[in-house]
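These notes are about the structure you will find just below.
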Amino acid sequence: MRVGDTGEVLAACVVHAEIEVPGRVGRSAIDKRPVAGRVAVRALGLAGDHVCNTKDHGGVDQAVYAYADEDARRWGTELGRDLPAGWFGENLRVRGLPVSDAVIGARWSVGDTLLEVSAPRVPCASFQHWSGEQQWVKRFTLRSDTGAYLRVLREGTIAAGDRISVVHVPEHGVTVRDLFTGADPDLLAILLADEPTISDDVRMQVERHARRHGRAARAATHRHATASTDDIATGVQP
């Protein structure tokens, strides 16, 4: 995604009704539906929208959630069902931009608002229950088409049909997908060093990935050492 790239808002969505999720989750506001007309966008999100679990969701760093229509259509084809705007719990269903490959810290001009890409969406128990699909969280995680959370830098209004213009892309180039998968620790180090906007939640994500890579490296070293010891014991030259 580069400065000058454009997309379109297909729908602006807010909570339709809260649902009950079995287990410890309780109530969830994942059921979002499109609304007509322009919607006010404030620091904590769209007017008429809310979250139930304020510990793990919402706040200024997760004020607006965007999902690409192209990704939604791929899922719809795979699942054999229509996945209308709002089904992913998104506030903005957008077309024309690779949302999951947006660079962390990139800025989008949408309507008269200014939004900043802040983090990937991490699938949760509410999403699993809402989907009604077997192993949905695992499948969503493996695909890594997470969509993107955005913070609100300039309040205003948004409506279906608004143009999305990418007006700033940080030079570090680390994307939402890169952060979500954590596959390249060098990229995560660059993100920590070069992106001033990252939140405490993002720092924790990076730390979790670093611990995972550390465990994997230690396990590989242990396997190599064990194999070398076995070779020596059996007289095999390494």
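Hydrogens, waters and symmetry mates are skipped; everything else that's a heavy atom, side chains included, is used.
The shortest heavy-atom contact between A43 and A63 is O-CB, 3.3 Å. When all heavy atoms of A66 and V99 are compared, the pair lying nearest together is O-CG1, 3.6 Å. Minimum interatomic distance between G45 and V64 (heavy atoms only, all atoms of both residues): CA-CG2, 4.4 Å. The heavy-atom pair separating A102 from V117 by the smallest distance is CB-CG2, 4.0 Å. Taking each heavy atom of R203 and L192 in turn, the nearest pair found is NH1-CD2, 3.7 Å. The minimum heavy-atom distance linking A47 with V39 is given by the pair O-CG1, 3.7 Å.
The one candidate from C124, C52, S126 that meets the side chain to side chain contact (heavy atoms under 4.5 Å, CB included) condition with H57 is C124.
Other members of the cluster containing I19 are V21, V25, I30, Y65, Y67, W75, L79, L83, W87, F88, F127, W130, W136, F140, Y149, with ILVMFWY side chains joined at under 4.5 Å, either directly or via other members.
Residue-environment remark: CD (Q134) stays at or below the threshold of 12 foreign heavy atoms within 6.0 Å.
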Any chance you could lay out the side-chain contact (heavy atoms from CB on, under 4.5 Å) test for V14 and K32, step after step, and finish with the verdict? CA-CA 5 Å; V14 302; K32 301 185 192 298; 5.9 Å; no
Could you give me the CA-CA distance, side-chain angles and deciding distance for H129 and E20, then say whether side chain to side chain donor-acceptor pair (under 3.5 Å) is met? CA-CA 9 Å; H129 175 73; E20 288 289 340; over 6 Å; no
May I have the step-by-step check of side-chain contact (heavy atoms from CB on, under 4.5 Å) for V41 and E155, ending in yes or no? CA-CA 6 Å; V41 182; E155 298 181 343; 5.9 Å; no
From CA spacing to verdict: side-chain contact (heavy atoms from CB on, under 4.5 Å), S199, M204: CA-CA 9 Å; S199 65; M204 287 191 290; over 6 Å; no
side-chain contact (heavy atoms from CB on, under 4.5 Å) assessment of V152 paired with V60: CA-CA 7 Å; V152 179; V60 295; over 6 Å; no
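Residues V176 and I104 form a side-chain contact, since some pair of their non-hydrogen atoms from C-beta on lies under 4.5 Å apart. Side chains of D5 and R2 form a contact here, defined as non-hydrogen atoms less than 4.5 Å apart. Contact annotation: the side chain of T113 never approaches that of L153 to less than 4.5 Å [non-hydrogen atoms, C-beta and beyond]. Between D145 and R74, the closest side-chain pair of non-hydrogen atoms falls below 4.5 Å.
Listed for the T157 side chain is no donor-acceptor partner under 3.5 Å among the backbone atoms of R38. Side chain of D49 to backbone of L46: no donor-acceptor contact under 3.5 angstrom is found.
Here D71 does not pair with R143 in a salt bridge; the nearest charged N to carboxylate O distance is not below 4.0 Å. Ion pairing between a basic and an acidic side chain is recognised when a charged N comes within 4.0 Å of a carboxylate O; R33 and D31 show such pairing.
In terms of hydrophobic clustering, with Ile, Leu, Val, Met, Phe, Trp and Tyr side chains grouped at heavy-atom distances under 4.5 Å, V35 and L10 are assigned to different clusters. In this structure, L179 is a member of the same hydrophobic cluster as I190, with clusters built from ILVMFWY side-chain heavy atoms closer than 4.5 Å. Cluster membership check: L187 shares its hydrophobic cluster with V103, using side-chain heavy-atom separations under 4.5 Å among Ile, Leu, Val, Met, Phe, Trp and Tyr. In the hydrophobic clustering of ILVMFWY residues, with side-chain heavy atoms under 4.5 Å counting as a link, L150 and V167 come out apart. L92 and L114 end up in different hydrophobic clusters when Ile, Leu, Val, Met, Phe, Trp and Tyr side chains are linked at under 4.5 Å.
Listed by first then second residue, pairs satisfying salt bridge (charged side-chain N to carboxylate O under 4.0 Å, His left out) with a partner in residues 92-113 read E8-R95, D69-R93, E90-R93, D101-R177, R107-E116, not counting sequence neighbours.
Side chains of S165 and R163: a donor-acceptor N/O pair is present below 3.5 angstrom, by distance only.
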